[in-house]
Asks: 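This is the structure, below, for whatever I ask next.
Here is the naming used below: chain letters follow the sequence lines, and residue numbers restart at 1 for every chain. This is a predicted model, so every value here is computed, not measured.
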Protein chains: 2
Amino acid sequence: MSRSERKTVRDLRRGNRAMLLRELYFAGETNRHALSAATGLSAGSVSTLTADLLAENMIVESGQVDSDGGRPRVLLRVNPDYGYVVGVDVGETHVRVELFDLAMTVRASAYYALHTARHDPELVARHLLMGVDSVVADAAVPYDKVLGIGVGVPGIVEGGPDALVHATTFGWDSVPFGALLRRGTSLPLFVDNGAKTMGQAELWFGSARDAGDAVVVFIGSGVGCTLVTDGSIYRGAGRAAGEFGHLKIVAGGRPCRCGGQGCLEAYVGAESIIDRAGITADAADQEPTLARLIREGSPVVEESADLLGIGLSNVIHLLNPERVVIGGWAGLMLGGAQLARVQASAAANTMSSFPPVPIVLGRLGADAVAMGAATLVVEELLRGTPASIPATA
Amino acid sequence: MSRSERKTVRDLRRGNRAMLLRELYFAGETNRHALSAATGLSAGSVSTLTADLLAENMIVESGQVDSDGGRPRVLLRVNPDYGYVVGVDVGETHVRVELFDLAMTVRASAYYALHTARHDPELVARHLLMGVDSVVADAAVPYDKVLGIGVGVPGIVEGGPDALVHATTFGWDSVPFGALLRRGTSLPLFVDNGAKTMGQAELWFGSARDAGDAVVVFIGSGVGCTLVTDGSIYRGAGRAAGEFGHLKIVAGGRPCRCGGQGCLEAYVGAESIIDRAGITADAADQEPTLARLIREGSPVVEESADLLGIGLSNVIHLLNPERVVIGGWAGLMLGGAQLARVQASAAANTMSSFPPVPIVLGRLGADAVAMGAATLVVEELLRGTPASIPATA
DNA sequence: ATGACTTTCTTCAAGGCTTAGATTATCGTC
DNA sequence: GACGATAATCTAAGCCTTGAAGAAAGTCAT
């Protein structure tokens, strides 16, 4: 009930520092004057705070620009090489590991195919850890400058150090994936649902950028989503919020792989679309198969767009977002061809007294899951809590 | 994107003061020692802050309790007579005005029946303002100690000074109700959707008390809800979040009074239940008619319970609340008789990997709308922003 | 080249805040 | 009645932000 910490003057400084750093991170490149305006802090405070950050090598001066008739401004930016973050996308068919610098430039990546029905958690964990070693080596980066590992996985991820994962469709039932990884690395670890990591990527750098309240829908084999409230991801009481795919949109409808009936995912997930078209496709063939169905203008695809619109109208009624973003590989395919139909269906099913909501496609492509996972680590850094300061700055 | 204000050391104090006041308000009666523990502030800070609040007459000492073998603790509480707040429930059939002290004790109330199809905004506003004058007079309270008026109305309430109200079912289409009231009073005004004010009442004093993440469903003639995130009400980008009643749960289903099809409200709102049972009832007769249907065990009622459960499962999947509360006069009736059925239906339609969610009835009865509206004013007071300090404290 | 003017950034005294620890108040108990 | 215990207040010390003044580093007109 009572939020709002911040008690001593020390906390005040921490908060202001975090605010400044955040501004600096998202602005990309600014000067002290602009920072002062953006954060509301006095010029003096900005000066001392940036001095601290410069001394820690967390930010760097990156040039100057003339100001019409005055002392030139010194440009500041977050030091991309202050540290590195690893993002991992554990998908239904693969494990993708990428190493980013703080400017989110990919420095190295690794990919491991998962063969169907072989989602042994131990194996996945081994791939993942191997991938981490590999990207750190490939990027030729000192280990102690890796700030942490973010991992996006299918299913619901419980909090806690074990990071229990419940992903029926993936064959994982209460798998302590965090604990499994913990055995192989001592780096800070952040495990979350893959739809949410993608959502954070779109929120930070993609189509949901700067949105205060948004919904980012993820459509791959299954369907998930990220709810953005007040500019950050809402996770709910048990970190399970956003199970958009299991909204019931057809009473007593098609059985879903979750065990329920009439779920949205049973209609608009790639697996379901293909299944409904009467095709039997291997997991690895889903992508080309769906592409073909869309190209051929299958009525199943159109129906999926209509149903997705209904599903979106539900989210719109409930959450009143300022924007809806559709992402995930299947979402981008479906949306690429049928966005207008989705929009029309959503609008038709939304009350007229509701302000119209833009529905757009994700901008970061299918790789956003790994990038978003990496941002979980960056988020921690920007929070400004001590720790996570590498030995040699 | 960047939240977290709090910049100067002055803001720090304001924040701490607000935190303390909030704690004091919800604890009801505490001592300085306990406050220190609860807020994390040092004993010294609590001492000076409470001294300020006492000097302003915002809190009072209310007795002592012995502490086993030591100086007795001085009990502190918010001064119930520091100021008064007015809460108004504008419903489909009535305008109810109540005046509360800060302990939320009703000091006076007024009631005006609205005759069907006569929801002229001007008339409603006149009733409301008359009611305010009436309760202030009845309670024999000085006008300058009335801190503000909170109003709960049907439909969507846009922010802004005009408080535009969109309530199709009420016959209001973009009615600037706030502006209308503003012409008749200079008191601070807070207009919000009635389902949300009820939700806030249940959150502060009822079944959702202390919940961080909860959903409070309101069922009257229509259906609405309040989403509680991080201990406070989530309103969405355009303050329209929570239109639970217009989730589509039956594709291509029954026409709803909103103009859509298959909305939840078209099945579980009191008006719809009665209609589906084949009865024609006047608005004023809805209550006894629904009571009779429930008593007679009408199959329509059972079906409504099942559908409500499905609707709730959608909210649960999307928001992962720790608790669901059912309120509103029809909700309390329906829930009183069919709660088990609602719970069973919700559980049956929720993924097994989801933690089970308690579904309970509201505890404050049908009057919660007005009380919740009044809390909007109190909320402002607790926020600790200057202003709203009556002349004579 | 020079001086006036601009704009950016830094320095520093002043004022405010919380804290920790010492002090005072007020009980029960031996 | 002294002593211990618990509650509340007082005080010195240490941070922090601000605002104003000053330093830095340019442009521009003459």
Side-chain angles (χ1 to χ4, degrees), chain A residues 2 4-21 23-24 27 29-55 59-77 384 386, chain B residues 2 4-21 23-24 27 29-55 59-77 384 386:
Chain A
S2 85
S4 163
E5 297 311 308
R6 203 69 48 76
K7 288 184 275 278
T8 114
V9 287
R10 217 88 173 248
D11 300 315
L12 189 62
R13 188 170 185 78
R14 217 202 327 281
N16 285 343
R17 177 189 152 120
M19 185 163 68
L20 196 75
L21 195 53
E23 184 64 34
L24 219 24
E29 210 173 36
T30 11
N31 59 318
R32 294 180 177 77
H33 207 67
L35 280 173
S36 175
T39 60
L41 288 150
S42 71
S45 293
V46 171
S47 203
T48 57
L49 280 170
T50 50
D52 280 3
L53 292 169
L54 279 167
I59 63 175
V60 290
E61 300 191 339
S62 60
Q64 296 194 343
V65 280
D66 298 355
S67 75
D68 28 20
R71 177 174 174 173
R73 3 186 123 144
V74 177
L75 291 176
L76 299 171
R77 55 175 307 177
Chain B
S2 85
S4 162
E5 297 313 310
R6 204 70 48 78
K7 288 183 274 277
T8 119
V9 74
R10 215 90 171 242
D11 300 315
L12 189 61
R13 187 172 185 78
R14 218 203 324 282
N16 285 342
R17 177 189 151 119
M19 183 163 67
L20 196 76
L21 194 53
E23 183 65 34
L24 217 26
E29 210 174 35
T30 11
N31 58 318
R32 294 180 178 78
H33 208 70
L35 281 173
S36 173
T39 59
L41 265 55
S42 72
S45 294
V46 172
S47 203
T48 57
L49 281 170
T50 52
D52 281 3
L53 292 169
L54 279 167
I59 64 175
V60 290
E61 300 191 339
S62 60
Q64 295 193 344
V65 280
D66 298 356
S67 76
D68 29 23
R71 176 172 174 174
R73 354 183 133 144
V74 177
L75 292 176
L76 299 171
R77 54 175 308 176

Asks: What parts of residues 42-52 of chain A reach DNA chain C, counting only heavy atoms under 4.0 Å away?
Replies: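 By residue number: A:Ala43, A:Gly44, A:Ser47.
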Asks: Please give, in whole Å, the distance from D:dA13 C1' to A:Arg10 CZ?
Replies: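 That distance rounds to 13 Å.
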Asks: Please test B:Leu76 against B:Thr30 for side chain to side chain contact (heavy atoms under 4.5 Å, CB included), starting from the C-alpha separation and ending with a verdict.
Replies: CA-CA 5 Å; B:Leu76 299 171; B:Thr30 11; 5.6 Å; no
Asks: In this structure, how many angstroms lie between the C1' atom of D:dT17 and the CG atom of B:Asp11, rounded?
Replies: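 These atoms are roughly 10 Å apart.
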Asks: Got a donor-acceptor contact below 3.5 angstrom from the A:Thr50 side chain to the A:Val46 backbone?
Replies: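 Between the backbone of A:Val46 and the side chain of A:Thr50 there is a qualifying donor-acceptor contact (under 3.5 Å).
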Asks: What's the verdict on side chain to side chain contact (heavy atoms under 4.5 Å, CB included) for A:Asp11 and B:Leu12, showing C-alpha distance, side-chain angles and the deciding distance?
Replies: CA-CA 9 Å; A:Asp11 300 315; B:Leu12 189 61; 5.8 Å; no
Asks: Closer than 3.5 angstrom, by distance alone: can the side chain of B:Ser36 be matched with the main-chain N or O of B:Leu41 as a donor-acceptor pair?
Replies: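 Answer holds: yes.
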Asks: Between A:Arg32 and A:Glu61, is the salt bridge (Lys or Arg N to Asp or Glu O under 4.0 Å) condition met? List the steps.
Replies: CA-CA 11 Å; A:Arg32 294 180 177 77; A:Glu61 300 191 339; 3.6 Å; yes
Asks: Please state whether the phosphate of D:dC16, meaning OP1 or OP2, lies under 4.0 angstrom from any side-chain nitrogen or oxygen of A:Asn16.
Replies: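 Checking D:dC16 against A:Asn16, no side-chain N or O comes under 4.0 Å of OP1 or OP2.
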Asks: Using only side-chain N and O atoms of B:Arg32, determine if any of them is under 4.0 Å from OP1 or OP2 of D:dT9.
Replies: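 Indeed, a polar side-chain atom of B:Arg32 lies that close.
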Asks: Ignoring backbone atoms, establish whether A:Arg13 has a side-chain N or O less than 4.0 Å from OP1 or OP2 of D:dT17.
Replies: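 Yes, within the criterion.
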Asks: To the nearest angstrom, how far is A:Asn31 atom CG from D:dG26 atom C1'?
Replies: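 Rounded to the whole Å, the gap is 15 Å.
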Asks: Hey, where on DNA chain C does chain B first and last touch, going 5' to 3'? Cut-off is any atom under 4.0 Å from a heavy atom.
Replies: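 From 5' to 3', the first and last contacting nucleotides are C:dG16 to C:dG28.
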Asks: In whole angstrom, give the distance that lies between atom CG of B:Leu41 and atom C1' of D:dA8.
Replies: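 Taking atom C1' of D:dA8 as the reference, CG of B:Leu41 is at 15 Å.
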Asks: Measure CZ/A:Arg71 against C1'/D:dA23 and give the value in whole Å, please.
Replies: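 It is 8 Å, rounded to the nearest whole Å.
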Asks: In whole angstroms, how far is the C1' atom of D:dC15 from the NZ atom of A:Lys7?
Replies: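 Atom NZ in A:Lys7 sits about 17 Å away from atom C1' in D:dC15.
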Asks: When you measure from the side chain of A:Ser47 to the backbone N and O of A:Ala43, does any donor-acceptor pair fall under 3.5 Å?
Replies: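 No, A:Ser47 side chain to A:Ala43 backbone: no donor-acceptor pair under 3.5 Å.
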Asks: Taking A:Lys7's backbone N and O only, do any of them form a donor-acceptor pair with B:Asn16's side chain (distance below 3.5 Å, no angle check)?
Replies: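 Side chain of B:Asn16 to backbone of A:Lys7: a pair is present.
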Asks: Could you state the CG-P distance from A:Leu20 to D:dT17, rounded to the nearest angstrom?
Replies: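 Going from CG in A:Leu20 over to P in D:dT17 covers 11 Å.
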Asks: With sequence neighbours left out, write down each residue that passes side chain to side chain donor-acceptor pair (under 3.5 Å) with B:Asp52, or none if nothing qualifies.
Replies: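 Testing B:Asp52 for side chain to side chain donor-acceptor pair (under 3.5 Å), a comparison that skips the adjacent residues, returns B:Arg13.
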